[in-house]
Amino acid sequence: MEAVPAIPGALLKWLARPADVVAPGLLGAQLLRTTAEGSVGVRITEVEAYLGESDPGSHAFRGQTNRNKAMFGPAGHIYVYFTYGMHHCVNIVCGHAGIATGVLIRAGEVTHGRELAYRRRTSAKNDTELARGPGRLAQALGLTLADNGRAFASGALELRLPATPAPAAHVRSGPRVGVSGEGGTDSYPWRFWLEGEKTVSPYRAAKPRRRSDG
DNA sequence: CGAAAGATCTACT
DNA sequence: GTAGATCTTTCGA
């Protein structure tokens, strides 16, 4: 019986802060996912912070539900949710148990296991499209609802922080993508990305969707 | 039970 | 670059 490795203490401590503080530090970090199929790793280029129950853009805004309970857990885990009937999105849970703060990983550059990533992302025409966007990134890494609540505790899922933080001049911030009705929070720059990266998803203002009969 | 969902794909200009 | 269709889960009533 193998012992389950604990979440590295330094990483846990680093993550146990509000998401808007953690988020810019995740730029340039490596996220690695290993399954029986192999390993895929991405270098994170774009993130968004979600600040918890007081944040109207957060899934946690209306309190804890069965879906978002992973966000209410301790730092060092991922919160994976399914949306639009097709896509998975990955968040890194920050803060402390009971505080629903986390960072949505919006985009990255595939740096390891490119071949496997292409097999999972059959529609990708080039390396840039492998993990450009939160749904694509989750698919490239092979993360699904089955991985909701998974810890950075074993070789199956690892987070490696950059040796040196991204230089401030290289980090940009702005309003979040696809979050409508933010009210007074729309002026908060809770989206962070690395300037000049091809893998950063293009900004799209939140638009009301019409049903197909309309 | 009905409506909405942290987006992506494909087709067309 | 822009526009429209898409699917299943999840939540609240």
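Just so we're on the same page: letters track the sequence lines, and every chain starts at 1.
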Within residues 110-126 of chain A, residues whose heavy atoms come under 4.0 Å of DNA chain B: A/R121, A/S123

Polar atoms only, N or O, under 3.5 Å: list the protein pairs with nucleotides 11-13 of chain B and their distances.
none

Side chain to side chain donor-acceptor pair (under 3.5 Å) partners for A/D147, two or more places apart: A/R33, A/R150

Qualifying salt bridge (charged side-chain N to carboxylate O under 4.0 Å, His left out) pairs with a residue from residues 111-120 of chain A, counting only residues at least two apart or across chains: A/E37-A/R120, A/R114-A/D127

Contact list for DNA chain C against residues 129-138 of chain A - heavy-atom distance below 4.0 Å: none

Residue pairs involving residues 90-119 of chain A (criterion ring pair (Phe, Tyr, Trp, His ring centres under 6.0 Å); sequence neighbours excluded): none

DNA chain C-proximal residues of residues 65-82 of chain A, any heavy atom under 4.0 Å: A/T65, A/N66, A/R67, A/F82

Pairing residues for A/H87 by the ring-ring contact (aromatic ring centres under 6.0 Å, His included) criterion, not counting sequence neighbours: none

Test ring-ring contact (aromatic ring centres under 6.0 Å, His included) applied to A/F82 - qualifying residues, sequence neighbours left out: A/H88

Nucleotide nearest A/T83 (side chain, heavy atoms from C-beta), chosen from C/dT9, B/dA5, C/dT6: B/dA5

Partner residues of A/N126 under the side chain to side chain donor-acceptor pair (under 3.5 Å) criterion, sequence neighbours left out: none

Stem list, DNA chain B (Watson-Crick or G-U pairing under 3.5 Å, at least 3 consecutive pairs): B:1-5 with C:8-12, B:7-12 with C:1-6

Residue pairs passing the salt bridge (charged side-chain N to carboxylate O under 4.0 Å, His left out) test where at least one lies in residues 10-21 of chain A, sequence neighbours excluded: none

Closest nucleotide among C/dT10, C/dG12, C/dT6 to the A/M86 side chain: C/dT6

